[in-house]
Amino acid sequence: MVDTSFSSDSIYHRLFSYPEMVADLLKDFLDPLLLAELDLSHMKRLNSKYTAATGQRRRSDVVWEIPICSGGHLFVLLILEFQSEIDEWMVLRLYVYIGLLYQQLVQERHLKAANGLPPVLPIVLYNGTGRWQAPTSLHDLIQLPDGSPLWKYQPEMRYYMIDEGAFPDEELKGRTSLMAIFFRMEHPVSPESILDVIRDLLFWLANHPEGPPVKQLFRELLVSGLERFKRVKPLPPIPEELEEVMSMLATYVDKWEREIERKGELKGELKGELKGEAKMLLRLLTRRFGPLPTTFYEKVNAAEREILERWGDQVLEVGSLEELFGPPHSGMTGG
């Protein structure tokens, strides 16, 4: 048995080295109007040589050349984004990448200006927990008023966004693609959901024996996902075979669920205790000082246990609310 952590970028890069996986992504998550233009049966990967501003090539970005049904070829630039913080300048970065990609195509394929350049479709696949909110169009970043004559001289650029976490688990369950299973495994919502997704993955693999050899990659992805899913730590050793992983998780899920339920009960009990302490303190304050301003009710009900206990110890000793809580605008932290 192995219990090793695998980086997402390596898993993604290897996964999208298979044309079947790229085709699966496009079939299930690309705009149908765009998909209708493409012949996915003859796609091939391009050995791209463009580099980032740092001079280092991002190994998690891949380029696929796909025939267009009406003639010619499209170059799909697939950006695999793993940063925890959203890149607000993504569209600018892509603008640079596409310029470098075009330079490579011109040099290596001896393109002539008279023949024009092939189209490029930039796609950003984002697996972060927060939802993607960065501009998808270069137009949105350029500071010019509407109607300015300078607009016709500004560069134009936009990318297609696939935000994995934006798809609800129930919606992904209704899809039969391997990529939908992949997204669910990347974003588990509960220990039980992990069991469900492995079950669906094994069913998919059994019914697609001609599919890409990605079973081991999915196991690595599962290990990586479980390690990020903090509620199920500490992890038991993960078996090598997915079928064994399924059996192992079935044994542990009940235990994990009980632990989660117990934590919820404890949190509820603590919340109830704090509410009781706050209620008692408010009663004492009202008996000593009469009706209280709304501000005092809000502060007491929002206070932590330590502060409530300190106020409770002092309530019979102080001569005024201000003496207990401090001046009205002091934050009411107590003496």
Side-chain angles (χ1 to χ4, degrees), residues 2 4-32 34-48 58-69 73-82 121-127 160 162-164 167 171-188 194-226 238-246 249:
V2 179
T4 308
S5 176
F6 298 89
S7 61
S8 289
D9 57 349
S10 172
I11 295 172
Y12 272 67
H13 188 257
R14 287 178 288 158
L15 196 66
F16 289 109
S17 295
Y18 294 102
E20 299 94 337
M21 294 305 304
V22 179
D24 203 51
L25 175 71
L26 299 179
K27 287 177 182 177
D28 213 14
F29 295 96
L30 190 63
D31 185 320
L34 297 176
L35 183 64
E37 296 288 315
L38 308 180
D39 176 9
L40 300 179
S41 62
H42 293 86
M43 56 193 301
K44 62 180 181 179
R45 187 173 177 187
L46 178 69
N47 182 22
S48 57
R58 287 165 48 98
R59 66 171 182 166
S60 56
D61 303 336
V62 293
V63 181
W64 283 86
E65 183 176 359
I66 304 176
I68 300 175
C69 295
H73 290 81
L74 169 77
F75 289 86
V76 172
L77 173 58
L78 184 57
I79 301 294
L80 308 174
E81 189 65 11
F82 308 106
L121 174 60
I123 299 176
V124 175
L125 180 61
Y126 169 66
N127 77 335
Y160 190 88
I162 301 178
D163 183 350
E164 294 180 17
F167 298 94
E171 178 187 338
L172 292 174
K173 281 183 180 179
R175 305 187 183 208
T176 58
S177 72
L178 193 54
M179 283 311 305
I181 294 174
F182 176 78
F183 286 5
R184 288 167 58 198
M185 190 172 287
E186 270 283 71
H187 299 272
I194 300 174
L195 262 183
D196 288 341
V197 75
I198 298 176
R199 187 181 297 113
D200 291 345
L201 172 61
L202 292 174
F203 181 82
W204 191 97
L205 294 172
N207 285 276
H208 299 81
E210 76 291 348
V214 294
K215 190 174 181 179
Q216 181 60 25
L217 285 178
F218 270 84
R219 180 204 166 275
E220 295 178 16
L221 181 69
L222 174 64
V223 174
S224 177
L226 284 172
I238 306 297
E240 287 288 353
E241 295 298 325
L242 272 175
E243 292 81 1
E244 296 178 18
V245 175
M246 179 77 181
L249 286 180

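This one's a predicted model, so the numbers in the text were calculated from it and none came from an experiment.
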May I ask you to test the [X]-[Y] pair for a side-chain heavy-atom distance under 4.5 Å?
X: V22; Y: R45; value: no
X: L221; Y: L15; value: no
X: L40; Y: K27; value: yes
X: I123; Y: L26; value: yes
X: Y18; Y: L217; value: yes
X: E164; Y: F182; value: yes
X: I198; Y: L202; value: yes
X: N127; Y: H187; value: yes

Spacing of [atom1] belonging to [X] relative to [atom2] belonging to [Y], to within rounding of 0.5 Å:
X: H208; Y: D24; atom1: NE2; atom2: CG; result: 8.5 Å
X: E37; Y: L30; atom1: CD; atom2: CG; result: 10.5 Å
X: M21; Y: R14; atom1: CE; atom2: CZ; result: 13.0 Å
X: R184; Y: L201; atom1: CZ; atom2: CG; result: 9.5 Å
X: L121; Y: Y160; atom1: CG; atom2: OH; result: 9.0 Å
X: L46; Y: I66; atom1: CG; atom2: CD1; result: 11.5 Å

Is it true that atom NE2 of H42 has more than 12 heavy atoms of other residues, nucleotides or ligands lying nearer than 6.0 Å? no
Exam field: side chain [X] to backbone [Y], donor-acceptor pair closer than 3.5 Å:
X: N207; Y: F203; value: yes
X: W64; Y: A23; value: no
X: Y12; Y: L125; value: no
X: D39; Y: P67; value: no

Could you tell me which non-hydrogen atom of [X] sits nearest to which non-hydrogen atom of [Y], and how far apart they are?
X: C69; Y: A36; answer: SG-O, 3.8 Å
X: L172; Y: A180; answer: O-CB, 3.8 Å
X: S177; Y: D28; answer: OG-OD2, 2.5 Å

Between D196 and R199, is there a side-chain N and carboxylate O pair less than 4.0 Å apart? yes
Parallel under 30°, tilted from 30 to 60°, perpendicular over 60°: which one fits the rings of F29 and F183? tilted
